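To keep things clear, I will list the structure first and then write my remarks on it.
Predicted model, so just to flag it, every value in this text is computed and none were measured. These numbers come from the heavy atoms of this one structure, side chains and all, not from hydrogens, waters or symmetry mates.
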Amino acid sequence: PQAFYPVEHPVDVAFGDILAARCVFTGEGRTEATHIGGTSSDEMCNLYIMYYMEAKHAVSFMTCTQNVAPDMFRTIPEEANIPIPVKSDMVMIHGHHKETENKEKSALIQQPKQGEEEAFEQDFHVEEALEWPGVYLLPGQVSGVALDSKNNLVIFHRGDHVWDGNSFDSKFVYQQRGLGPIEEDTILVIDPNKAEILQSSGKNLFYLPHGLSIDTDGNYWVTDVALHQVFKLEPRSKEGPLLVLGRSMQPGSDQNHFCQPTDVAVEPSTGAVFVSDGYCNSRIVQFSPSGKFITQWGEESSGSSPKPGQFSVPHSLALVPHLNQLCVADRENGRIQCFKTDTKEFVREIKHASFGRNVFAISYIPGFLFAVNGKPYFGDQEPVQGFVMNFSSGEIIDVFKPVRKHFDMPHDIVASEDGTVYIGDAHTNTVWKFTLTESRLEVEHRSVKKAGIEVPEIKEAEAVVEPKVKNKPTSSELQKMQEKKKLIKDPGSGVPVVLITTLLVIPVVVLLAIAMFIR
């Protein structure tokens with residue numbers, strides 16, 4: 001294993017202090033000789049000590065430390081021989097994942113009856129679609145993912161721009177305006193099967209893309225945290241945005257300003273626009289379809305036990321239309337809050353220990369809520385992963401991770417009604433596709449039969465496909481056909497076996513003779 005072990009508490013290093021580290025090699029548990037080397041079957045040891053100092057005392061980063069005083073290691077206390085406990089979220093193991101065949105599946109997700117619910121949830125599982133090539137697209141930082149009316153995947157990415165510690169000042173004003181807008185297309189429409197780029201747009205419009213959603217008319221709603229604005233775009237139009245909310249490069253908290261808005265949700269029946277605002281505001285803002293301010297709610301969290309309606313970075317939105325609810329990924333509070341879209345009344349909180357400290361993004365399909373959390377803090381045990389929850393109960397019924405690559409900052413998630421899930425990562429610049437496993441499809445097959453629709457059974461066995469013929473052969477003709485097939489299959493029926501064996505043996509004997517002669 002390779003691992004970094006963070007210091008649990010800050011350590012002040014003064015002049016004259018010695019920082020020492022060592023490796024102890026042991027053959028315990030090994031059944032064969034172990035050699036030093038650079039492969040996964042060898043053993044090696046590289047020691048790193050990571051620290052920082054005030055700039056005025058800093059030395060060149062090229063300075064190399066040497067083990068010049070071996071005597072100092074004789075005074076290392078005995079407890080230094082006790083290995084540091086390995087933390088699973090900080091370890092990288094050499095090796096290879098065995099990729100198994102995972103065929104693409106498509107099925108209608110149906111709400112189970114009460115008696116079937118437990119078995120239904122046990123069989124619900126999604127896994128990475130290993131044959132999907134989209135994982136190798138490698139756009140810029142992927143900040144948003146959505147699905148259009150044709151179930152094509154739409155990606156919102158940052159091109160060659162990166163959000164880092166130099167992007168904003170203490171008042172959230174963007175500091176890299178001189179770079180200009182992103183010069184490449186930031187919105188990509190991707191074929192859900194072949195991962196080919198079907199269409200692209202969004203060139204020279206954005207500085208730091210963030211949220212993406214698509215309304216029932218197919219319009220794109222996007223946010224830009226550098227511009228502090230929300231845009232409504234027509235996918236195929238060469239003209240400018242259909243609607244712009246907020247003031248360019250001006251952070252604020254009134255009716256006409258945003259401060260790093262994160263996501264948009266548009267109610268299908270009324271066209272009401274909800275904006276989560278955002279990194280430096282803690283509110284949800286509602287607008288009319290034409291962009292007129294309607295209302296807002298929410299306030300900044302206070303203390304370690306945030307109350308309903310308090311937010312610490314409302315990061316992602318998901319509408320539940322038939323219940324008139326809007327759910328919010330309250331990122332830094334590690335929870336999901338749901339509200340009535342008409343009264344703004346708090347309905348419920350969904351929070352699990354396995355979320356860890358962050359919930360980055362959520363997506364809803366009838367009956368199910370999908371979510372993805374954030375990378376664990378030092379000392380935390382909860383891994384970064386995706387979640388599937390029963391929306392009624394809020395209980396987790398499945399968790400999932402990718403096989404190819406790994407989650408680093410999974411930033412957005414979107415699910416379709418056939419159970420396909422896409423997750424975009426802002427650090428690995430990757431999009432993964434996940435699909436329902438075979439067991440889930442079998443449950444759907446059974447539920448369709450219970451509904452009174454006959455579906456032919458599918459068995460995992462060898463199958464003989466008989467072509468349809470106008471005149472089906474009689475039994476005597478079938479017998480002749482079978483005898484003919486037997487003759488084709490048995491080439492040895494007319495040739496002596498001894499002759500074939502002799503012909504095969506002769507070259508082998510000649511090769512052996514040549515080899516002996518050379519030796």
Quiz item: Ring centroid separation for Phe206 and Phe231, is it under 6.0 angstrom?
Solution: yes

Quiz prompt | Phe387 ring center near Phe370 ring center (under 6.0 Å) | solution = no

Quiz item: Quick one: side-chain hydrogen bond (donor to acceptor under 3.5 Å, both in side chains) pairs with a partner in residues 345-356, sequence neighbours left out?
Solution: Arg335-Glu349

Exercise. If a pair satisfies side-chain hydrogen bond (donor to acceptor under 3.5 Å, both in side chains) and one of its residues is in residues 284-294, list it, with sequence neighbours excluded.
Key: Gln286-Lys344, Ser288-Ser290

Self-check item: Residues which pass salt bridge (Lys or Arg N to Asp or Glu O under 4.0 Å) with Arg283, listed by chain and number, not counting sequence neighbours
Solution: Asp277

Applying ring-ring contact (aromatic ring centres under 6.0 Å, His included), can you list everything that pairs with [X], at least two apart in sequence or on another chain?
{"X": "His315", "value": "His210, Tyr279, Phe360, His411"}
{"X": "Phe346", "value": "Phe339"}
{"X": "Trp221", "value": "none"}
{"X": "Tyr174", "value": "Phe168, Tyr207"}

Partners passing side chain to side chain contact (heavy atoms under 4.5 Å, CB included) against [X] (at least two apart in sequence or in another chain):
{"X": "Asn429", "result": "Gln141"}
{"X": "His406", "result": "Asp408"}
{"X": "Asp148", "result": "Lys150, Asn152, Val154, Val189, Ile214"}
{"X": "Glu183", "result": "Asn204"}

Practice problem: Return each pair, listed once, that meets disulfide bond (SG atoms under 2.5 Å apart) where at least one residue sits in residues 196-251; pairs must be two or more places apart or across chains. | Solution: none

